[in-house]
Amino acid sequence: MTYVLSLQAQKQQKVEPFGPVPTENQLRWQDLEMYAFIHYSLNTYTDQEWGFGNEDPKLFNPSNLDCRQWVRVCKQAGMRGIIFTAKHHCGFCMWPSAYTDYSVKNSPWKNGKGDVVRELADACREEGLKFAVYLSPWDRNHKDYGRPEYVTYFRNQLRELLTNYGDIFEVWFDGANGGDGWYGGANETRRIDGKTYYGWAETFRMIRELQPKAVIWNDGGDRGDLRWVGTEAGNVGETNWSLMPSKGDTPYPMLHYGVENGDVWCPGETNTSIRPGWFYHETENEHVKSLSKLMDTYYKSVGRNSTLLLNFPIAPNGRIHPNDSLRGIAFKRMIDEVFKTDLTKNATIKKQDYETIITFKKPTAFNRFVAEEDIRYGQRVKKFNLEALVDGKWIALKDELVEGSDGLTTIGHRRIICFPTVETTQLRFTVTDCKAEPVIRKIGVYLAPDITADIPDSGEKKSSGLHIFFSSPTQMMIDWDTEQTFTAFRYLPPQGTRDGLITHYTLWASTDWSHWTKLATGEFSNIVNNPIWQTINFTPTKARILKLDADRLSEGERMGYGDIEIIKE
């Protein structure tokens with residue numbers, strides 16, 4: 001029999017676990033709340049998001065690599081751990097792996113004697129941060145990818161990372177699996193079944209043996225300890241169950257909202273980047289997310305029963321860029337400012353059945369409400385109401401971050417409700433539907449200040465004086481009255497939907513509507529999961545008309561766009 005404290009903290013009530021509950025590893029992970037991703041590889045030096053696998057290791061030669069600077073910045077930004085991209089899709093290893101020559105040991109950096117994973121793991125321990133690794137299952141460099149021999153290679157590398165660098169709090173496997181690559185010079189496309197090819201059950205057993213305290217993030221076959229939330233935009237569903245079915249496919253609704261009657265505990269981890277891309281791009285220096293956007297991300301991740309995995313890309317010099325570090329530090333300070341004073345400390349709390357009334361000694365202004373379940377006993381609350389007593393009437397407080405919502409749903413580890421500032425002497429919190437008797441371990445009321453500091457526009461030259469029309473459902477035409485010299489085309493996909501999102505394209509130019517020159521053709525890497533601005537660079541070209549063909553769409557039959565920009569000389 002287990003005992004937990006009631007809200008009033010004066011009496012104890014007997015509680016039995018209900019349904020699936022978290023493991024000790026999952027509880028420790030959930031308590032981290034925020035931790036950092038670090039993306040750094042050859043992509044940093046080729047200005048790519050996904051390397052092809054044939055990039056020269058000699059490109060890796062940072063002038064001032066400083067893992068301690070990364071750790072200090074992340075710590076000041078409120079991150080309690082770091083997950084490092086030890087190997088991304090290009091296959092380049094950021095440690096001197098014994099199983100491949102495609103690693104830092106064949107780079108000029110430190111004359112091939114360096115080990116970025118070692119330096120970062122040591123720096124994390126010195127500063128008291130947890131350390132974890134990302135190892136891409138897909139390897140666009142390795143000659144055996146797609147064959148059984150590669151799985152042995154993959155596990156050998158994983159074993160290196162799990163035995164040579166101390167305690168690991170999380171193991172992260174990307175869901176991108178198979179496609180075109182260099183593959184040891186083959187230059188071909190290889191397809192695999194991500195659910196069966198890697199033999200996840202055996203891989204998981206190895207992780208449990210070597211790092212028994214680690215949680216496993218996996219977007220492949222076997223269910224890991226954590227799940228992706230279906231987007232890289234920085235939010236999870238306002239309804240968010242930490243439960244999933246133990247078997248079967250996981251469509252977007254399951255990933256984003258969890259499954260109320262799931263039979264395993266598998267909470268969501270919200271991953272996003274402080275910039276538009278995951279790797280560093282100089283053109284994004286003035287597009288670091290604003291403080292208001294980061295706070296919105298916090299409320300829609302940590303504030304919705306998730307954790308926040310926030311990426312800080314490393315610049316070519318081997319350090320986190322000042323724009324990123326300053327914004328990250330401001331983010332932590334704003335979180336501290338919002339939650340520094342719990343207004344319930346000077347209030348009377350009365351709990352009766354599923355209703356809790358908070359009475360303040362005098363009219364009190366607030367705009368944030370926090371509730372937490374004791375998830376050791378399961379996730380129980382399905383719906384709840386929040387009301388303020390205004391002019392003698394109870395007025396419902398809605399979450400202003402949720403569009404079209406009639407009520408408030410799910411709590412879990414932490415739920416933060418944001419609403420316009422209200423002043424009252426009483427606040428009522430009522431659980432209206434639940435799977436079992438609620439076990440609420442904490443509630444809090446706060447007054448968040450206004451946010452005024454945002455990043456200015458980049459000042460990048462934008463298109464003007466153009467006419468856009470569609471000659472077919474999958475073809476966009478951009479026409480000017482006079483000839484121009486163009487250097488790049490930028491595409492912002494439609495936001496909040498995959499319908500019409502262009503994944504593969506061909507771009508053409510013409511001066512007379514009759515003769516067309518192909519400027520570029522290719523794929524927008526990772527655009528479905530991370531629908532950010534995509535840039536197509538090409539040799540400066542004189543033209544009057546540009547034509548964009550949507551060779552392939554993610555969903556639907558008609559191309560869509562959020563915005564476009566044409567860069568001119």
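One is the number of the first residue; the rest follow in order along the sequence. Bear in mind the structure is a predicted one, so any value in this text is a computation, not a measurement.
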Can you check side chain to side chain contact (heavy atoms under 4.5 Å, CB included) on F169 and Q211, steps first, answer last?
-> CA-CA 8 Å; F169 81 87; Q211 292 286 343; over 6 Å; no

Would Y165 and D115 satisfy side-chain hydrogen bond (donor to acceptor under 3.5 Å, both in side chains), going step by step from the backbone distance to the final call?
-> CA-CA 11 Å; Y165 298 97; D115 184 340; 2.7 Å; yes

Test side-chain hydrogen bond (donor to acceptor under 3.5 Å, both in side chains) on R368 and Y299 and set out the steps.
-> CA-CA 10 Å; R368 301 289 183 268; Y299 293 133; 3.0 Å; yes

Would you sort out whether E16 and Y377 count as a side chain to side chain contact (heavy atoms under 4.5 Å, CB included), showing the intermediate values?
-> CA-CA 7 Å; E16 294 281 3; Y377 307 103; over 6 Å; no

What do the steps show when you test N305 against S242 for side-chain hydrogen bond (donor to acceptor under 3.5 Å, both in side chains), and what is the final call?
-> CA-CA 8 Å; N305 186 37; S242 292; 2.9 Å; yes

Start with the C-alpha distance between V402 and R304, add both sets of side-chain angles, then the distance that settles side chain to side chain contact (heavy atoms under 4.5 Å, CB included), and finish with yes or no.
-> CA-CA 11 Å; V402 180; R304 289 182 177 173; 3.4 Å; yes

Between F279 and H88, is a side chain to side chain contact (heavy atoms under 4.5 Å, CB included) present by the stated rule, with each step listed?
-> CA-CA 11 Å; F279 285 91; H88 204 253; 3.7 Å; yes

Run the numbers on Y35 and E269 for side-chain hydrogen bond (donor to acceptor under 3.5 Å, both in side chains), then give the verdict.
-> CA-CA 10 Å; Y35 41 99; E269 175 188 79; 2.5 Å; yes

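Donor-acceptor pairing under 3.5 Å is lacking for the side chains of H413 and Q379. Counting only N and O atoms by type, the side chains of T270 and S306 include a donor and acceptor under 3.5 Å apart. Inspection of the N64 and Q69 side chains reveals no N or O donor paired with an N or O acceptor under 3.5 Å. No side-chain donor-acceptor contact under 3.5 Å links Q426 and W394. Using modelled atom types, one finds no donor on one side chain facing an acceptor on the other under 3.5 Å when comparing W533 with E565. There is no side-chain donor-acceptor pair under 3.5 Å between N240 and Y257. S292 and S290 are linked by a side-chain donor-acceptor pair at a separation below 3.5 angstrom, with hydrogens and angles left out of the test. For the residue pair D263/S246, the side-chain donor-acceptor check at 3.5 Å is satisfied.
Rounded to the nearest 0.5 angstrom, N261 CG and K435 NZ are separated by 5.5 Å. Distance CG/L158 to CD1/I207: 5.0 Å, rounded to 0.5 Å. W265 CH2 to M244 CE: the interatomic distance, rounded to the nearest 0.5 Å, is 13.5 Å. From T231, atom OG1 reaches atom CZ of R498 across 7.5 Å, with rounding to the nearest 0.5 Å. If you take SG on C266 and CG on D225, they are separated by 7.5 Å, rounding to the nearest 0.5 Å. Atom CD1 in I82 sits 10.0 Å away from atom CZ in F84 (nearest 0.5 Å).
The main-chain N or O of P493 is found under 3.5 Å from a side-chain atom of Q495 such that the two form a donor-acceptor pair. T23 places a side-chain N or O within donor-acceptor distance of the main-chain N or O of Q26, the cut-off being under 3.5 Å. In this structure, K442 contributes its side chain and A371 its backbone to no donor-acceptor pair below 3.5 Å. At least one donor-acceptor pair under 3.5 Å links the side chain of T424 to the backbone N or O of L389. Without hydrogens or angle criteria, W200 side chain to G224 main chain gives no donor-acceptor distance under 3.5 Å. A distance-only check finds no donor-acceptor pair linking the side chain of R227 to the backbone of T250 [under 3.5 Å]. E49 places a side-chain N or O within donor-acceptor distance of the main-chain N or O of W278, the cut-off being under 3.5 Å. Here the side chain of T344 pairs no donor or acceptor atom with the backbone of D342 at under 3.5 angstrom.
Aromatic ring pairs are classed by plane angle as parallel below 30°, tilted from 30° to 60° and perpendicular above 60°; the pair F360 and F366 is tilted. Using a 30° and 60° split on the angle between ring planes, F339 and Y298 fall in the tilted class, from 30° to 60°. Using cut-offs of 30° and 60° on the angle between ring planes, the pair F204 and F173 is parallel.
Closest heavy-atom contact between I320 and S325: CG2-N, 4.1 Å. For S554 against V528, the heavy-atom pair with the smallest separation is OG-CG2, 3.7 Å. Contact detail for A214 and N25: the closest heavy-atom pair is O-ND2, 3.5 Å. Considering all non-hydrogen atoms of both residues, P20 and L243 come closest at CB-CD2, 3.8 Å.
Counting heavy atoms from C-beta on, the side chains of W228 and W217 come closer than 4.5 Å. Within the 4.5 Å cutoff, the side chain of E337 has heavy atoms near those of the P449 side chain. Side-chain contact between F369 and F429 is present, with heavy atoms from C-beta onward closer than 4.5 Å. Between I274 and H321, every side-chain heavy-atom pair lies at or beyond the 4.5 Å cut-off. For the pair L397 and I417, the minimum side-chain heavy-atom distance is 4.5 Å or more. Within the 4.5 Å cutoff, the side chain of R327 has heavy atoms near those of the L294 side chain. In this structure, the side chains of P245 and M254 come closer than 4.5 Å at one or more pairs of heavy atoms. Counting heavy atoms from C-beta outward, I83 and L309 have side chains that approach closer than 4.5 Å.
The existence of a salt bridge linking E372 and R415 is excluded, since no basic side-chain nitrogen approaches an acidic carboxylate oxygen closer than 4.0 Å. Contact check on D374 versus R376 returns a salt bridge, with a Lys/Arg side-chain nitrogen under 4.0 Å from an Asp/Glu carboxylate oxygen. Under a 4.0 Å N-O distance rule, the pair D174/K87 does not qualify as a salt bridge. Ion pairing between R380 and E373 fails under the 4.0 Å rule for side-chain N and carboxylate O. Ion pair D122/R125 flagged as a salt bridge, since at least one NZ, NE, NH1 or NH2 atom sits closer than 4.0 Å to an Asp/Glu carboxylate oxygen.
Here the options are D324, T272, T297, the test is side-chain hydrogen bond (donor to acceptor under 3.5 Å, both in side chains), and the partner is K289; only T272 passes. In summary, of the residues considered (N317, T44, N285), a side-chain hydrogen bond (donor to acceptor under 3.5 Å, both in side chains) with Y280 occurs for N285 alone.
In D167, the CG atom is not crowded: 12 or fewer heavy atoms of neighbouring residues, nucleotides or ligands sit closer than 6.0 Å. Heavy-atom neighbours of R333 CZ from other residues, nucleotides or ligands within 6.0 Å: at or below the threshold of 12. No more than 12 heavy atoms of other residues, nucleotides or ligands sit less than 6.0 Å from atom NZ of K213.
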